[in-house]
Amino acid sequence: MAEDKLTPQSENFSEWYNQIVQKAELADYAPVRGCMVVRPYGWALWENIQAALDKRFKASGHVNAAFPLLIPMSFLEKEKEHVEGFAPELAVVTHGGGELLEEPLVVRPTSETIIGYMYSKWVKSYRDLPILINQWGNVVRWEMRTRMFLRTLEFYWQEGHTVHSTDKEAMEETRRMLDTYHDFAVNEGAVPVIRGRKSQTEKFAGAVSSWTIEGMMRDTRALQSGTSHYFGQNFAKAFDIKFLDWNNELQYAYTTSWGLSTRFVGAIIMTHGDDQGLILPPRLAPTQLVIVPIYRDDAERSLVMPVVEQVRQKLAAFRVHVDDRDGLTPGFKYHEWEMRGVPLRVEVGPKDVEKNSVALARRDQPGKAGKTFVSQDGLEHSVAALLDEIQAALLARATAFRDEHIYDAKDYQELTEAVQKGWALSWWCGSAECEAKVKEDTKATTRCLPLDQPGGTGKCAVCGQPATEKIYFARAY
RNA sequence: CGGGGUGUAGCGCAGUUGGCAGCGCACUGCGUUUGGGACGCAGGGGUCGGCGGUUCAAGUCCGCCCACCCCGACCA
């Protein structure tokens with residue numbers, strides 16, 4: 001790894017991204033095109049994401065279950081828009097046990113259909129509702145162009161699927177989970193996402209409305225980082241999910257689904273990373289702090305190591321790693337842990353033994369600027385405070401960066417210029433033609449109609465027609 | 001699927017007119033080192049993408065095939 005410099009973000013952002021995934025040992029390429037192996041460090045990060053989300057899901061009354069990977073082909077075809085949306089990217093199993101199957105099975109690209117089928121069996125009465133089930137699993141979508149974490153043929157995610165007796169309640173659920181994602185992204189990932197509704201062209205295949213959290217990456221491109229869908233009665237009608245209501249009348253239920261995937265790992269990488277490597281938010285980092293012992297010879301070593309052990313025990317409440325590998329210089333270790341994005345480094349050397357101190361180096365401020373010497377007394381408190389400060393600083397920095405790259409674009413010229421250097425926030429008349437024109441001319445797509453609307457009316461930045469809502473245009477992943 | 005490119009050690013590459021398959025990093029062992037990417041010595045590691053052809057002789061020349069990457073049409 002020595003002398004193995006990372007390509008700077010400014011030189012080639014996507015190359016920077018590819019290298020960081022490899023060098024930080026988050027993932028590696030699998031033998032099948034477009035598939036990735038999530039390595040232990042990357043998976044540990046995902047596990048922390050899972051834990052933070054799962055806690056929130058449980059707190060709002062959801063329970064976990066597991067539905068099968070294989071789905072009868074015919075299920076996909078029951079909802080017209082759904083099959084049209086997913087047909088081009090299905091992996092299909094045609095043989096089993098050496099025999100041609102009577103009906104092909106698709107590897108789930110998402111589980112609305114199979115879960116809808118099961119829900120139709122389970123739902124009889126309003127007393128059975130709501131159903132609030134989440135599933136942690138993997139799905140397969142045969143994508144053309146793939147990128148580690150951002151778009152792979154197979155990816156890991158959670159998908160929540162709920163059933164409600166009223167449209168109001170289902171809509172509330174859709175919005176509640178959007179807010180849950182927002183809370184998670186901002187407070188755990190320090191990723192300042194914008195909540196909003198997708199346009200009709202960008203919404204999920206089969207949904208009435210789709211809601212999204214959109215993050216701005218450090219190349220200013222947008223990343224859809226989580227979605228929540230309101231289905232109305234679309235899937236209930238396709239899968240015959242009916243219940244007897246309070247008046248003993250049979251009616252279709254209202255359903256939702258919401259998902260967040262390993263793509264969020266990509267969001268973290270591209271929101272916080274710098275030219276030294278990954279920077280992980282303390283709350284999600286697999287290793288929150290690494291202790292690097294420093295010594296010149298065996299005498300110093302026997303002096304330093306007991307103090308390292310004391311410090312480790314003092315910091316046992318955190319996710320700590322002691323890098324006691326022999327034969328590597330401290331400098332080498334610094335670079336390696338910086339590449340892996342560990343938020344805080346603790347150095348313990350002979351001088352520290354003498355002075356009852358340690359050196360703390362924060363990852364978000366590289367070099368001398370982020371290095372301070374603190375007393376070993378009360379170290380657990382200074383470390384806790386510093387981790388909180390780093391978490392807050394990452395969010396503040398990312399928010400400032402995002403806000404600096406959002407442009408209020410009033411006309412078409414401003415819009416086309418804005419999407420070359422960031423996001424455009426513009427009045428939009430609501431027509432798909434205007435979206436298509438922007439995409440054709442600039443490759444930028446509509447990201448979302450943000451929840452925070454200015455109110456009033458304006459002129460569509462594309463066609464000049466009256467508009468009542470503002471929408472974000474951006475180049476996206 | 002259209003346009004461009006690349007396949008030689010784990011990674012990055014060199015390989016001249018066809019003539020012993022190499023270099024850097026990484027890896028193993030020993031020794032010296034260690035507060036911002038240490039150094040020396042000694043080692044291990046190859047179906048040169050695949051198949052076929054030309055030739056005394058092919059990494060190199062010819063043909064076919066395959067894979068991957070980049071750029072255009074789809075997307076959590």
Side-chain angles (χ1 to χ4, degrees), chain A residues 1-6 12 14-15 18-19 22-23 28-34 84-90 108-111 137-147 149-159 181 198 201-205 210 212-215 223-229 257-267 276-277 292-301 304 323-339 345-355 357-359 361 366-368 370-371 373 439-440 443 445 476-477:
Chain A
M1 189 159 309
E3 298 298 319
D4 228 4
K5 289 255 164 51
L6 189 62
N12 184 341
S14 90
E15 187 54 31
N18 290 337
Q19 287 182 8
Q22 298 267 317
K23 288 173 190 275
D28 201 355
Y29 291 101
V32 176
R33 176 195 74 87
E84 283 171 3
F86 283 103
E89 49 187 74
L90 291 178
R108 62 183 173 206
T110 178
S111 304
N138 53 340
V139 289
V140 169
R141 299 178 186 180
W142 216 262
E143 303 289 351
M144 306 241 182
R145 297 192 57 200
T146 57
R147 298 284 309 278
F149 292 109
L150 302 175
R151 185 172 304 108
T152 45
L153 297 197
E154 179 184 17
F155 59 87
Y156 302 87
W157 74 345
Q158 58 66 218
E159 43 179 326
Y181 288 149
K198 285 289 185 185
T201 45
E202 295 287 329
K203 76 175 169 59
F204 180 84
S210 286
T212 176
I213 51 170
E214 298 280 327
L223 183 71
Q224 180 174 309
S225 305
T227 45
S228 185
H229 312 290
S257 81
W258 26 275
L260 186 145
S261 74
T262 38
R263 173 180 263 195
F264 199 84
V265 172
Q276 317 307 317
V292 179
I294 292 153
Y295 46 82
R296 265 180 293 267
D297 48 37
D298 283 347
E300 282 188 355
R301 189 190 165 156
V304 164
D323 189 350
D324 57 2
R325 290 176 295 174
D326 215 349
L328 293 174
T329 63
F332 181 90
K333 293 179 180 178
Y334 299 168
H335 282 270
E336 188 168 297
W337 292 110
E338 280 166 9
M339 180 66 72
R345 183 179 71 240
V346 182
E347 301 169 19
V348 180
K351 290 178 205 163
D352 299 303
V353 172
E354 192 183 315
K355 295 179 185 168
S357 65
V358 299
K368 281 219 171 84
K371 202 155 160 175
F373 290 86
K439 188 173 182 181
E440 172 74 23
K443 290 180 195 165
T445 52
Y477 278 97

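Chain naming here is simple, since letters A, B, ... match the order of the sequence lines and numbering starts at 1 in each.
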Would you classify A:Thr152 as touching base, sugar-phosphate or nothing, given that sugar-phosphate means primed atoms plus P, OP1 and OP2, and contacts are heavy atoms under 4.0 Å? base
Taking donor-acceptor contacts at under 3.5 Å, does the side chain of A:Glu347 reach the base of B:G36? no
Would you indicate what A:Arg345 reaches in the nucleic acid, counting non-hydrogen atoms under 4.0 angstrom: base, sugar-phosphate, or nothing? base
Applying a 4.0 Å non-hydrogen cut-off, can you work out what A:Glu154 is touching in the nucleic acid: base, sugar-phosphate, or nothing? nothing
Euclidean distance, A:Thr329 OG1 relative to A:Tyr334 OH, rounded to 0.5 Å: 9.0 Å
Does A:Phe155 have its ring centroid less than 6.0 Å away from the ring centroid of A:Phe264? no
Using purine N1 to pyrimidine N3 plus N6-O4 or O6-N4 for Watson-Crick, or N1-O2 and O6-N3 for G-U wobble, each under 3.5 Å, what pairs with B:C64? B:G50
Less than 4.0 Å between a side-chain N and a carboxylate O, is that true for A:Glu338 and A:Arg345? yes
For a quick check of understanding: with a heavy-atom distance under 4.0 Å over all strands, which category does A:Gln224 fall into, base, sugar-phosphate or nothing? sugar-phosphate
If I take atom NZ in residue A:Lys333 and atom C1' in nucleotide B:G37, what distance separates them, rounded to the nearest angstrom? 13 Å
Base, sugar-phosphate alone, or nothing: which one does A:Arg301 contact when heavy atoms must sit under 4.0 Å apart? nothing
If you check the A:Glu338 side chain, which of B:G36, B:C74, B:A76 turns out closest? B:G36
Would you kindly say whether A:His229 and A:Ser210 are connected by a side-chain donor-acceptor distance under 3.5 Å? yes
Report, as yes or no, whether the 6.0 Å neighbourhood of atom CG on A:Asp298 holds more than 12 heavy atoms from other residues, nucleotides or ligands. no
Atom pairs, protein N/O to nucleotides 71-73 of chain B N/O, distance under 3.5 Å:
| unit_1 | atom_1 | unit_2 | atom_2 | d |
| --- | --- | --- | --- | --- |
| B:C71 | OP2 | A:Arg145 | NH2 | 2.1 |
| B:G72 | OP1 | A:Lys443 | NZ | 2.8 |

Considering every strand and a 4.0 Å limit on heavy-atom distances, what is the contact class for A:Ala476: base, sugar-phosphate, or nothing? nothing
Pairing partner of B:C56, by Watson-Crick or G-U wobble and under 3.5 Å for both distances, is B:G19
Whole-angstrom distance between B:U8 and B:C48, as gauged at atom C1': 4 Å
By the 4.0 Å heavy-atom rule, please label A:Tyr156 as base, sugar-phosphate, or nothing. nothing
Could you pull out the protein-nucleic contacts involving nucleotides 27-34 of chain B (nitrogen or oxygen on both sides, under 3.5 Å)?
| unit_1 | atom_1 | unit_2 | atom_2 | d |
| --- | --- | --- | --- | --- |
| B:U34 | O2' | A:Tyr295 | O | 2.8 |
| B:U34 | O2 | A:Leu328 | O | 3.2 |

Students often get this wrong, so: under 4.0 angstrom with heavy atoms, is A:Lys351 touching a base, only sugar-phosphate, or nothing? base
Under 3.5 Å, is there a donor-acceptor pair between the A:Glu159 and A:Ser111 side chains? yes
Measure from CZ on A:Phe204 to P on B:C74 and round the result to the nearest Å. 18 Å
Have A:Trp337 and A:Asp323 got a donor and an acceptor in their side chains that come within less than 3.5 Å? yes
Taking atom OG1 of A:Thr262 and atom CH2 of A:Trp157, what is their separation to the nearest 0.5 Å? 10.5 Å
Report which part of the nucleic acid A:Gly259 touches: base, sugar-phosphate, or nothing (heavy-atom distance under 4.0 Å, all strands). nothing
Are any of the side-chain nitrogens in A:Lys439 or A:Glu202 under 4.0 Å away from the carboxylate oxygens of its partner? no
